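Read through the structure below, which is laid out as structure tokens, and then see the notes.
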Amino acid sequence: MTRILYGLCGSDIERHFSPHVWKSIMSLKHKGLEFELKPVPFTAVPGIEGGCSKTVPVLKDGDKIISDSFAIALYLDEAYPDRPSLFGGEGGKAMARFVEGYSQNVIHTAITKAILLDIYNMLAPKDQEHFRRTREARFGMTLEEVAAEHQAAVAAFPQTLVPIRHTLSYQPWIGGQHPLFCDYILFGALQWARICSPAKLLPEGDPATDWFERCLDLYEGTGRSVAAAA
Ligand SMILES: N[C@@H](CCC(=O)N[C@@H](CS)C(=O)NCC(=O)O)C(=O)O
């Protein structure tokens with residue numbers, strides 16, 4: 001196999017959990033391209049392909065190496081134009097940047113507050129040390145201090161879904177009549193929460209929850225290949 005996607009794992013190497021890697025898994029599936037998914041723990045990320053990136057996902061496609069989930073999606077559309085488009089045109093690319101901004105700045109921030117300690121608990125001891133050091137520096141507080149706000153963060157989460165509900169009141173997918181990369185951006189974030197934490201972030205009967213379930217069903221249930229955290 002010449003196509004390798006490097007993804008993030010904890011102590012269980014089968015449980016890929018990175019939101020950004022899930023965007024690339026779904027992008028490759030959308031394009032109908034085969035690939036091997038290689039699990040990498042946090043502390044091994046800087047060694048991928050001779051140190052090409054500080055973060056995953058990294059895609060090796062023949063002699064091409066691409067990092068960053070958005071750059072990977074752009075690359076795939078350019079390299080495989082005969083396969084279904086991930087953006088549906090230039091406007092779709094521009095719009096996907098907005099969805100990326102909303103996902104990373106609103107959804108990720110809210111999810112992080114709710115599941116930070118759950119992520120830590122999934123990691124092998126060496127990676128736990130890395131995670132604690134880097135995340136405590138980023139948040140300016142201990143993981144336990146962030147986790148103390150867990151209940152409030154879970155209760156506040158559904159409010160962040162308002163823009164998704166709004167969009168879905170007009171169309172079945174964020175991308176319109178079919179899923180596009182913008183769907184996978186938001187799916188990746190919610191899939192990260194589903195795999196890392198048993199916290200119930202998505203309200204039952206919510207259009208955003210129904211859409212997420214439909215995302216999980218895509219491509220023979222690719223998203224369900226990793227079970228939800230119990
Ligand atoms: N903008 C990047 C973000 C990638 C990213 O932050 N990846 C995280 C995993 S979810 C990572 O590799 N972190 C390495 C670390 O924290 O040491 C993308 O979309 O690919």
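Residue indices begin at 1 and follow the sequence shown. It should be emphasised that the depicted structure is a prediction, and the values quoted were computed from it without experimental measurement. Both ligands and their constituent atoms are indexed starting at 1 by order of listing.
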Identify all N/O pairs between ligand 1 and the protein with a separation under 3.5 Å and present them as a table of atom names and distances.
residue  : atom   : partner : partner atom : Å
ligand 1 : 1 (N)  : D68     : OD1          : 3.0
ligand 1 : 7 (N)  : V56     : O            : 2.9
ligand 1 : 12 (O) : V56     : N            : 2.8
ligand 1 : 16 (O) : R135    : NH1          : 2.9
ligand 1 : 16 (O) : R135    : NH2          : 3.1
ligand 1 : 17 (O) : H130    : NE2          : 2.8
ligand 1 : 19 (O) : H20     : ND1          : 3.3
ligand 1 : 19 (O) : S69     : N            : 3.4
ligand 1 : 19 (O) : S69     : OG           : 2.6
ligand 1 : 20 (O) : S69     : N            : 2.8

D118: which residues meet the side-chain contact (heavy atoms from CB on, under 4.5 Å) condition with it, sequence neighbours left out?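 With sequence neighbours excluded, D118 shows a side-chain contact (heavy atoms from CB on, under 4.5 Å) to I115, S197, P198, given in chain and number order.
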
Listing request: all ring pair (Phe, Tyr, Trp, His ring centres under 6.0 Å) pairs with a residue in residues 4-27, at least two apart in sequence or in separate chains.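 For residues 4-27: H20-H108.
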
Does anything in residues 137-162 pair up under salt bridge (charged side-chain N to carboxylate O under 4.0 Å, His left out), and if so which pairs, sequence neighbours excluded?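 Sorted pair list: R132-E144.
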
So how far is it from S18 OG to F42 CZ, rounded to the nearest 0.5 Å?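 If I round to the nearest 0.5 Å, the distance is 7.5 Å.
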
So how far is it from F157 CZ to L202 CG, rounded to the nearest 0.5 Å?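 With rounding to 0.5 Å, CZ (F157) is 6.0 Å from CG (L202).
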
Under a 4.0 Å threshold between the charged nitrogen and the carboxylate oxygen, would D77 count as salt-bridged to R83?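 Salt bridge flag = no for D77 with R83.
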
